[in-house]
Amino acid sequence: MTITESPVVPAPRGSHRLTTAKAMVEAIELEMERDPSVFYLGEDVGPYGGIFSSTTGLQDKFGTSRVIDTPISETAFIGLAIGAAVEGMRPIAELMFADFMGVCLDQIYNHMAKIHFESGGNVTVPMVLTTAVGGGYSDAAQHSQCLWGTFAHLPGMKVVVPSNPYDAKGLMISAIRDDNPVVYMFHKGVMGLPWMAKNPRATADVPDAPYTVPIGQANVVRAGTEVTVVTLSLSVHHALDAAESLAGQGIDVEVLDLRSLVPLDRDAILESVAKTGRLVIVDEDYQSFGLSGEVAATVTDVDPAMLRAPVARVANPDVPVPYAHGLEYAVLPRQDRIEAAIHRVARA
Amino acid sequence: MTTTAHDKPRAGAQLDNATRLELYRTMVLARTFEEAILREYHADKGPGFDIGKGLVPGEMHLAAGQEPVAAGVCAHLTTDDAVTATHRPHHFAIAHGVDLNKMAAEIFGRETGLGRGRGGHMHLFDPATHFSCSGIIAEGYPPALGQAYAFRSKGTDRVAVAVTGEGAANQGGFHESLNLAALWKLPVVFVVEDNEWAISVPRAASTAVPSNAARGAAYDMPAERVEDNAVEAVFEAAGRAVARARAGDGPSLIEVHTLRLWGHFEGDAQGYRPDLKDVPGRDPIPTYERTLRDAGVLDDAVISQTKQQAQARVEESIAYAKQSPLPDPTDATSYVFA
């Protein structure tokens with residue numbers, strides 16, 4: 001990860017340069033202007049602007065009745081969002097860290113995610129649950145998890161994971177307008193925070209106008225012919241760095257940014273692997289029983305013969321995220337591990 | 001936004017004979033429904049008792065004995081107000097005006113049910129009356145906050161009633177909800193049904209305070225406990241609480257010392273319960289019948305007519321459920337998403 005700022009170049013007409021965090025905030029701002037039923041609640045989302053800058057400036061603009069600091073009572077305020085959504089509002093509730101799901105999971109998976117089903121489709125829960133994920137800055141085992149595989153495993157909620165400013169804005173607008181509960185998981189490392197190492201792609205040109213990125217469509221962020229890397233969130237950037245490095249060694253890598261786990265764009269995975277015949281899955285979440293296995297099964301369920309080499313997985317090797325820098329970086333899916341995996345499948 | 005019309009008694013209203021008769025009728029209708037479900041539930045569980053068998057399979061938590069709580073509280077509500085109930089929800093659903101046919105059909109797992117047979121008796125959702133319930137202890141409280149929040153945001157004086165049992169008052173969700181509702185002065189009425197038993201654990205073995213009303217003070221919230229399963233005392237306490245909520249003065253807490261006439265669920269032999277012999281004598285419906293008879297509100301003719309009407313209405317709903325189509329198994333994966 002580099003701390004280099006992107007070079008300052010003028011943005012094209014009708015767009016402006018934003019960090020991922022600011023793009024997310026801009027989306028919320030546009031939707032709050034458009035739809036008075038949208039409101040945001042969570043811990044430290046008011047004057048502080050969100051611990052990871054998810055709500056900077058929103059309370060100044062919309063007041064304390066629509067951007068609301070809550071007590072540290074995730075069960076109560078996520079449940080409140082559910083009840084308000086059932087009555088036709090479009091709340092956005094922020095769970096400060098995905099790691100905190102343990103104190104409020106019942107409201108999330110037994111209520112938010114199940115009400116539409118249990119009601120036979122008679123009751124909708126149009127809300128967004130935003131939450132910060134990921135490690136890389138020594139926040140250790142209780143503040144560094146991704147856990148998107150856990151959310152995605154539980155039926156009834158869409159799960160979106162933006163990796164860059166453009167997707168952050170478009171996916172947020174889609175999430176707010178969606179009639180289903182959408183879990184919007186933003187990696188701290190893609191937000192472009194001034195107090196954390198960041199990838200240069202965390203700042204980019206974003207159209208001024210509102211736009212949507214459809215939930216459930218993966219994005220080929222780098223076209224290639226020899227190896228497919230399926231990944232998401234911060235790992236997209238490590239995969240792109242790896243692909244650029246390997247291009248110099250004559251390996252042509254395609255990188256697919258999933259952008260959402262639920263729905264999973266299985267067609268995009270199959271299309272890419274049909275072309276390359278080689279699959280590397282890069283996932284910062286725990287390896288076993290999660291996204292990486294699901295992506296591999298997506299291919300083998302349809303046609304194992306599509307694969308010309310065994311699938312390689314680069315994920316957290318099923319350990320709590322360690323505190324010490326060297327230990328943490330040993331388990332994160334870093335560029336060196338990704339390159340090694342690509343080499344492995346390319347040679348096979 | 002217009003405020004809602006209230007054709008039912010409001011706080012401070014005299015408990016006139018018409019109201020007393022209405023409380024009685026609600027209790028009788030709820031009991032009649034529970035007795036019919038009890039009959040249907042056990043009709044085809046044999047040989048022996050197989051919980052997964054029959055037209056009404058699964059756990060069945062009946063609320064017989066707890067009717068005074070639902071009747072007394074819901075008398076102050078219209079179907080524009082919300083109720084979130086518990087795993088033992090039928091009496092509140094009936095008192096709040098949920099359509100009996102659709103509820104019975106859901107209990108029978110039919111396509112015409114409230115949830116098209118996807119929910120079952122612990123997961124009833126009725127948007128027409130803003131009624132819902134949850135099978136998870138205390139977790140019906142937080143969504144009620146949100147319904148109350150939405151009602152207030154829309155400029156109405158509608159309220160949300162959140163119901164739970166005394167065992168749930170030791171859950172975090174209960175306390176988080178009381179604090180948040182009091183902090184934000186949300187129009188919520190919190191109701192605790194103290195039936196003395198958290199499945200098999202007596203209240204004394206689970207709860208550090210003799211009355212959960214004592215816990216209201218922790219959240220600067222008016223709270224009272226109604227003893228003796230007394231429907232008119234529930235009505236009066238709920239009247240104060242609903243009026244306070246409608247006036248924008250914030251939430252209240254009411255604990256009612258009620259009675260679980262039957263087991264935690266059907267099939268519960270209740271071997272843990274030393275008071276079993278006394279239970280039938282504490283049935284609140286004959287008790288209230290005597291009170292109203294002594295007051296000249298009820299006589300044999302009215303009692304008989306009330307019970308016949310309830311029976312007819314309930315049997316109609318059971319017949320509707322049984323005649324309704326079953327969901328198509330090939331449609332089992334529908335409704336996960338909107």
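By convention in this document, chain letters (A, B, ...) are assigned in the order of the sequence lines, proteins followed by strands, and residues within each chain are numbered from 1.
Residue with the most contacts toward chain B among T124(A), I115(A), I72(A), V86(A): I115(A) (heavy-atom pairs, distance under 4.5 Å). For the set G121(A), S119(A), P91(A), G88(A), the entry with the most heavy-atom pairs within less than 4.5 Å of chain B is S119(A). Interface summary for chain A: among S134(B), G117(B), A144(B), G120(B), the most heavy-atom pairs under 4.5 angstrom belong to S134(B). If you tally non-hydrogen atom pairs under 4.5 Å between each of S177(B), P143(B), A150(B) and chain A, the highest count goes to P143(B). Looking only at heavy-atom pairs under 4.5 Å with chain B, the residue among A113(A), S65(A), P155(A), A84(A) that has the most is A84(A). Of all the listed residues (E111(B), E106(B), E139(B), H175(B)), the one sharing the greatest number of non-hydrogen pairs under 4.5 Å with chain A is E139(B).
Using a 4.5 Å cut-off between heavy atoms, K158(A) touches chain B through backbone and side chain atoms alike. In this structure, chain A has no heavy atom under 4.5 Å from any part of D126(B). Of the two parts of I136(B), only the side chain, counted from C-beta on, holds a non-hydrogen atom closer than 4.5 Å to a non-hydrogen atom of chain A. Residue contact with chain A, scored on non-hydrogen atoms closer than 4.5 Å, involves the side chain of L186(B) exclusively. With a threshold of 4.5 angstrom between heavy atoms, I78(A) does not approach chain B through any atom at all. Contacts of Y141(B) with chain A are absent, with no heavy-atom separation under 4.5 Å from either backbone or side chain. In this structure, chain B has a heavy atom under 4.5 Å from the side chain of N110(A), while its backbone stays farther away. Of the atoms belonging to S334(B), it is backbone heavy atoms, and not side-chain ones, that fall under 4.5 Å from chain A. Proximity to chain A (any heavy atom under 4.5 Å) is restricted, for L183(B), to the side chain, taken from C-beta onward. Interface residue M157(A): only backbone heavy atoms are found under 4.5 Å from chain B.
Other residues, nucleotides and ligands place more than 12 heavy atoms under 6.0 Å from the CD atom of Q171(B). The number of heavy atoms from other shown groups lying within 6.0 Å of CZ (F289(A)) does not exceed 12. Residue D179(A) qualifies as enclosed at atom CG: its count of foreign heavy atoms under 6.0 Å is above 12.
Within residues 29-42 of chain A, the residues having any heavy atom under 4.5 Å from a heavy atom of chain B are, by residue number, F39(A), L41(A). Within residues 97-107 of chain A, the residues having any heavy atom closer than 4.5 Å to a heavy atom of chain B are D106(A), Q107(A), listed by residue number.
Under a 3.5 Å cut-off, the side chain of H116(A) and the backbone N or O of Y335(B) do form a donor-acceptor pair. Between the N122(A) side chain and the F125(B) main chain, no donor and acceptor come within less than 3.5 Å of each other. Proximity of a side-chain donor or acceptor of E176(B) to a complementary backbone N or O of T75(A) within less than 3.5 Å is detected.
Taking each heavy atom of N180(A) and A338(B) in turn, the nearest pair found is OD1-N, 2.5 Å.
For the pair N179(B) and P71(A), the minimum side-chain heavy-atom distance is below 4.5 Å.
Note that the CG atom of L80(A) and the CH2 atom of W184(B) stand 5.5 Å from one another [nearest 0.5 Å].
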**Message:** Could you go through H123(B) and K114(A), starting from their C-alpha distance and side-chain angles, then the distance that decides it, and tell me whether this counts as side chain to side chain contact (heavy atoms under 4.5 Å, CB included)?
**Reply:** CA-CA 10 Å; H123(B) 315 109; K114(A) 288 181 183 163; over 6 Å; no
